[in-house]
Enquirer: 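Mind having a look at this structure? Questions to follow.
Everything numeric here is computed off the predicted structure, so don't read it as measured data.
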Amino acid sequence: FNNVECYVDDGGSSSTGIASNSSNNIHVENCNVRNMTIANGFSFWGSRQVMVSNCSSYINALYEFNFEACKNVTVSGCAAGGIGAAVADNWIASGASMGSTGGGSAVGFVFAVGTTNFTIKNCSAYNETVGVYIPDTSTVGHVDGDYLGCTTPVYLAGTRSWNWRFWRSF
């Protein structure tokens, strides 16, 4: 996928904007997903060699970026959630939250169900309950980015192997 925009603007139901199940060598670049009313912006399950770069995901029902049972994942330069621009456009008011709408389930980046060997670099999450969620069944290669605009920037649940650094852009 390259330069794809997925969104719902008619009030209808939608599940996930961009998804892949049991696939290999996935490349997703410069894509934007918003307003998925049932589930996630981006969702990958059981896939290998997944690269997602320079994508954005916001105002989705659950997770902005979701990876489950995946191997060898690289996410770079991606943004989850945010705040409406100072000058409002046709679909979001200036200053409005662009985080997930799932309440306690609002998460920017999820690496779950045994996802292994993944890297998240130069990404950001803002106005999410959790910026990056990594349960104890997943192993991490490297996590960096700006997640400080979230209630819990990073939630590491007993993760076995990880390296992280965070910064805040002003």
Side-chain angles (χ1 to χ4, degrees), residues 1-9 14-21 23-36 39-68 70-92 96-101 106-112 115-134 138 140-150 153-154 162-170:
F1 298 98
N2 190 13
N3 294 315
V4 174
E5 178 129 359
C6 297
Y7 60 92
V8 174
D9 63 356
S14 59
S15 185
T16 296
I18 294 176
S20 173
N21 290 339
S23 299
N24 295 317
N25 298 316
I26 309 299
H27 294 272
V28 180
E29 299 177 83
N30 304 311
C31 295
N32 300 300
V33 178
R34 62 179 162 93
N35 298 349
M36 297 297 115
N40 310 315
F42 294 80
S43 196
F44 303 89
W45 187 90
S47 296
R48 296 173 183 259
Q49 303 302 112
V50 179
M51 180 186 293
V52 180
S53 61
N54 301 315
C55 294
S56 61
S57 183
Y58 36 87
I59 317 175
N60 297 299
L62 293 177
Y63 311 138
E64 306 296 1
F65 295 86
N66 182 48
F67 301 87
E68 297 182 29
C70 292
K71 294 184 192 289
N72 302 321
V73 175
T74 300
V75 182
S76 63
C78 294
I83 209 95
V87 177
D89 65 17
N90 293 335
W91 63 271
I92 184 111
S97 172
M98 293 170 40
S100 298
T101 59
V107 180
F109 299 87
V110 176
F111 299 91
T115 293
T116 59
N117 192 26
F118 65 90
T119 298
I120 178 170
K121 58 186 177 181
N122 299 322
C123 293
S124 64
Y126 193 74
N127 275 3
E128 303 288 349
T129 304
V130 176
V132 178
Y133 173 66
I134 305 165
S138 297
V140 182
H142 179 85
V143 174
D144 73 27
D146 180 358
Y147 310 105
L148 299 178
C150 300
V154 177
W162 53 275
N163 177 19
W164 57 270
R165 74 179 174 151
F166 308 104
W167 68 88
R168 184 69 188 250
S169 302
F170 295 99

Enquirer: What I'd like to find out is whether the side chain of H142 reaches to under 4.5 Å of the side chain of T119, using heavy atoms alone.
Expert: yes
Enquirer: Under a plain distance cut-off of 3.5 Å, with no hydrogens placed, do S124 and D146 share a side-chain donor-acceptor pair?
Expert: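 Distance-only check fails for D146 and S124.
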Enquirer: Does the side chain of N117 come within less than 4.5 Å of K71's, by heavy atoms?
Expert: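 K71 vs N117: side chains apart.
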Enquirer: Can you see which heavy atom on G46 is nearest to which on C70, and at what distance?
Expert: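 Looking at all heavy atoms of both residues, the shortest contact is N-SG, 3.9 Å.
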Enquirer: Compare every heavy atom of G108 with every heavy atom of A125, then report the nearest pair and how far apart it is.
Expert: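 That closest heavy-atom pairing would be CB-CA, 4.5 Å.
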Enquirer: Have E29 and N54 got a donor and an acceptor in their side chains that come within less than 3.5 Å?
Expert: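 Absent: no donor and acceptor within the cut-off.
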Enquirer: Distance from N21 atom CG to I26 atom CD1, nearest 0.5 Å?
Expert: 10.0 Å
Enquirer: Would you find a donor on one side and an acceptor on the other, under 3.5 Å apart, between the side chain of N35 and the backbone of V8?
Expert: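 Looks like yes, one N/O pair under 3.5 Å.
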Enquirer: For the atom pair NE2 (H27) and OG (S53), what is the distance rounded to the nearest 0.5 Å?
Expert: 9.5 Å
Enquirer: Minimum heavy-atom separation for G17 and C6, please, with both atom names.
Expert: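 Smallest heavy-atom distance, with atoms named: O-SG, 3.6 Å.
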Enquirer: Going from CD1 on I134 to CZ on F111, what distance comes out if it is rounded to the nearest 0.5 angstrom?
Expert: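 I134 atom CD1 to F111 atom CZ measures 7.0 Å (nearest 0.5 Å).
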Enquirer: Side-chain contact test, heavy atoms from C-beta onward, threshold under 4.5 Å: evaluate it for D144 versus N122 and give yes or no.
Expert: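 In contact.
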Enquirer: Can you tell if the side chain of N30 reaches within under 4.5 Å of the side chain of N2, non-hydrogen atoms only?
Expert: yes
Enquirer: Can you find a pair of side-chain heavy atoms, one from F44 and one from V73, that are under 4.5 Å apart?
Expert: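 Not in contact.
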Enquirer: Who passes ring-ring contact (aromatic ring centres under 6.0 Å, His included) against F65, sequence neighbours left out?
Expert: F42, F109
Enquirer: To the nearest 0.5 Å, how far apart are CG in N60 and OH in Y7?
Expert: 14.0 Å
Enquirer: How far does CG of N32 sit from CD of E5, to the nearest 0.5 angstrom?
Expert: 5.0 Å
Enquirer: Going through the checks in order, is the side chain to side chain contact (heavy atoms under 4.5 Å, CB included) test met by M36 and T16?
Expert: CA-CA 6 Å; M36 297 297 115; T16 296; 5.6 Å; no
Enquirer: Evaluate Y147 against C123 for side chain to side chain contact (heavy atoms under 4.5 Å, CB included), listing each step before the verdict.
Expert: CA-CA 8 Å; Y147 310 105; C123 293; 3.4 Å; yes
Enquirer: Rounded to the nearest 0.5 Å, what's the gap from CD on E68 to OG1 on T115? Could you check?
Expert: 7.0 Å
Enquirer: Side chain to side chain contact (heavy atoms under 4.5 Å, CB included) between V50 and S20: does it pass, once the steps are laid out?
Expert: CA-CA 10 Å; V50 179; S20 173; over 6 Å; no
Enquirer: Is there a side-chain contact between C31 and I18, using heavy atoms and a 4.5 Å cut-off?
Expert: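 Sidechains of I18 and C31: in contact.
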Enquirer: Tell me, with the steps shown, if E64 and V33 meet side chain to side chain contact (heavy atoms under 4.5 Å, CB included).
Expert: CA-CA 8 Å; E64 306 296 1; V33 178; over 6 Å; no
Enquirer: Run Q49 and N25 through side-chain hydrogen bond (donor to acceptor under 3.5 Å, both in side chains) and show every step you take.
Expert: CA-CA 5 Å; Q49 303 302 112; N25 298 316; 4.8 Å; no
